[in-house]
Number of protein chains: 2
Amino acid sequence: MKAFPAIRASAKLRKAAPAPAETRFDRRLSEILDHATEVFCDKGYEGASMRDLSRASGMSLAGLYHYFHSKERLLYLIQKHAFTTIVEHLKERLKGITDPEQCIRVFIQNHLDYFVTNQSGLKVLAHEDEALKNGFSSEISGIKRAYYRICLGLMEDLKRERALDFNSRTAVMSLFGMINWIYTWYNPRVDGSAADLARQMGDIFLGGVGRRVVPSRKHLSMSSRAVRGRSREPALSAVEGASEGSAVRRRTNAAG
Amino acid sequence: MKAFPAIRASAKLRKAAPAPAETRFDRRLSEILDHATEVFCDKGYEGASMRDLSRASGMSLAGLYHYFHSKERLLYLIQKHAFTTIVEHLKERLKGITDPEQCIRVFIQNHLDYFVTNQSGLKVLAHEDEALKNGFSSEISGIKRAYYRICLGLMEDLKRERALDFNSRTAVMSLFGMINWIYTWYNPRVDGSAADLARQMGDIFLGGVGRRVVPSRKHLSMSSRAVRGRSREPALSAVEGASEGSAVRRRTNAAG
DNA sequence: TCATAGTTCGAACGTTCGTTCTAATCATAA
DNA sequence: TTATGATTAGAACGAACGTTCGAACTATGA
């Protein structure tokens with residue numbers, strides 16, 4: 001409701017074909033998790049009440065507690081599932097790819113793919129990072145650390161192959177910032193597909209913004225071209241903030 | 001307390017020399033704002049209770065309400081002050097600088113400078129972005145939009161001068177991601193000064209990570225060198241997450 | 001058909017929430 | 001000293017919080 005209209009739009013169910021040995025319990029829990037993810041996305045973990053979750057999932061307050069022990073454990077389940085999914089998909093997609101640059105592009109693509117098909121999920125992951133207390137947070141931190149280390153490894157591979165010299169930690173964290181921050185601004189109508197964004201962010205991260213673009217690899221999809229045309233405007237005298245711009249559609253809650 | 005130990009460490013008072021015409025009320029309110037910023041940083045806006053704020057600022061619950069009408073207005077005051085300060089500093093520092101690349105580097109430096117000297121403030125700004133309801137959020141959104149538009153203008157200047165072709169909105173948002181996400185991972189003991197980080201992030205954003213570095217501009221400060229040495233490790237076989245790494249000190253809550 | 005296990009619910013628990021009331025305290029100038 | 005307005009605090013408000021309990025429902029196999 002409140003938070004970010006674009007995000008709420010296209011949340012889909014978790015699975016198209018449920019696993020055969022899936023019990024009724026598992027199925028129902030999964031539904032609750034999906035609904036809860038939406039609510040946490042909208043109102044934040046602390047801001048969402050169990051009664052909100054009850055309303056969203058069409059189940060009574062007490063009924064919810066048949067599926068998890070506490071609100072905190074619910075967040076834990078959501079985060080664990082989301083993170084595990086991302087890491088699994090990533091490992092799968094990285095198999096067989098050897099070129100370090102390509103690996104990093106796959107990493108970005110995988111992350112953004114998950115976000116675009118499961119926007120609320122990534123927001124809950126990124127935004128409610130510190131919401132869990134010590135007991136619950138440690139396992140999530142573990143998965144998170146593994147994810148971080150995968151990316152760090154890719155970065156080191158790139159450095160070694162090209163004899164580069166940069167701070168890997170800063171690079172990884174900068175990349176995480178780029179791809180996670182997206183939950184605050186992404187609007188599918190304006191910003192195109194995940195593939196579009198992944199290519200753009202890959203270009204920026206790997207090649208920087210301040211260089212002439214060599215139009216290699218079947219560049220410039222339709223949608224990114226459309227967006228690009230939009231921002232061709234005077235744009236100087238920026239410091240004395242001009243009038244309403246058109247490039248930002250929904251909410252420019254990007255800064256800060 | 002809870003959130004991010006490194007952030008809590010070095011928060012300083014807002015002003016060294018108070019303005020002459022500053023009333024007792026203003027001074028006291030400013031103190032409360034500082035304490036509240038710390039608490040919001042640690043527990044989040046929703047998670048922090050008025051009683052927490054009361055405890056932190058050493059004032060009774062009822063006494064707080066002499067200085068603001070509601071908890072929400074308190075957050076509004078914090079965000080407005082922080083944002084206004086950042087934008088003012090930026091405008092000041094951009095004066096006289098004409099080279100577009102240098103302007104963007106100044107933008108990054110200004111943002112990170114504010115963060116390092118006022119860590120809790122930027123976190124509250126970045127993390128509690130959506131906490132304000134419609135009435136309060138509109139004015140903050142305005143300042144935010146102005147800040148965004150400044151950066152967008154710098155980006156367009158760079159594009160024009162060098163005849164570049166990239167999506168300005170994506171570029172600006174990516175940059176915001178890089179410099180805002182820092183609140184989730186920055187540790188002064190590991191990551192060096194704001195100037196260090198600003199240079200590194202400027203290099204990445206402008207030149208990309210995947211290029212040989214020309215060691216121009218008095219490169220490589222002490223602290224960044226120290227960090228760099230640390231992460232010189234095997235680093236391959238990344239996909240099957242290896243054992244505990246040493247590059248991440250405090251918490252690797254960077255991902256997801 | 002009945003017993004059983006799994007599922008759902010209404011109602012309430014004790015606690016904490018943001019906020020307000022009224023009165024007491026403080027600083028200051030006359 | 002006294003009068004005055006700014007500041008602070010104790011106690012309480014109703015509302016909402018996360019959670020629990022026991023009873024009622026429902027599906028399933030015997």
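Quick note on labels: first sequence line is chain A, next is B, and so on, each numbered from 1.
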Comparing A/Met59 with B/Ser70, nearest DNA chain C nucleotide closer to 5' gives the residue A/Met59

For A/Arg24, report the nucleic acid contact type (base, sugar-phosphate, nothing); a contact means any heavy atom under 4.0 Å. sugar-phosphate

Taking A/His35 for its side chain and A/Glu31 for its backbone only, find out whether a donor-acceptor pair lies under 3.5 Å. yes

So if I apply the ring-ring contact (aromatic ring centres under 6.0 Å, His included) rule between B/His127 and each of B/Trp181, B/Tyr183, B/Phe40, B/Tyr45, which one comes out positive? B/Tyr183

What are the 5'-most and 3'-most nucleotides of DNA chain C lying under 4.0 Å from any heavy atom of chain A? C/dT7 to C/dA12

Phosphate-side-chain proximity, B/Arg28 and D/dT8, N/O vs OP1/OP2 below 4.0 Å: yes

In terms of the angle between their ring planes, are B/Phe176 and B/Phe107 parallel, tilted or perpendicular, with boundaries placed at 30° and 60°? tilted

Would you mind telling me which residue lines up with the more 5' stretch of DNA chain D, A/Gly47 or A/His69, judged by nearest nucleotide? A/Gly47

What is the distance from CG of B/Leu61 to P of D/dC13, rounded to the nearest Å? 15 Å

Quick check on DNA chain D: between B/Gly58 and A/Lys71, whose nearest nucleotide comes earlier from the 5' end? B/Gly58

Looking at every strand, decide which applies to A/Tyr67 at a 4.0 Å heavy-atom threshold: base, sugar-phosphate, or nothing. sugar-phosphate

Here the distance between atom P of D/dA23 and atom NE2 of A/His66, to the nearest Å, is 17 Å

How many Å lie between OH on B/Tyr65 and C1' on D/dA11, as a whole number? 15 Å

Can you tell me if A/His111 and A/Tyr147 form a side-chain donor-acceptor pair at under 3.5 Å? yes

Between the side chain of B/Lys144 and the main-chain N/O of B/Phe83, is any donor-acceptor distance below 3.5 Å? no

Would you kindly give the CE-to-P distance between A/Met50 and D/dA15, to the nearest whole Å? 22 Å

Do A/Ile32 and A/Phe68 make a side-chain contact, defined as non-hydrogen atoms from C-beta onward lying under 4.5 Å apart? yes

Output the rounded distance in Å from CZ (A/Arg51) to C1' (D/dA15). 10 Å

Can a donor-acceptor pair be found between the side chains of A/Asp52 and A/Ser49 at a distance below 3.5 Å? yes

Round to a whole Å and report the spacing from CG of B/Leu53 to C1' of D/dT8. 17 Å

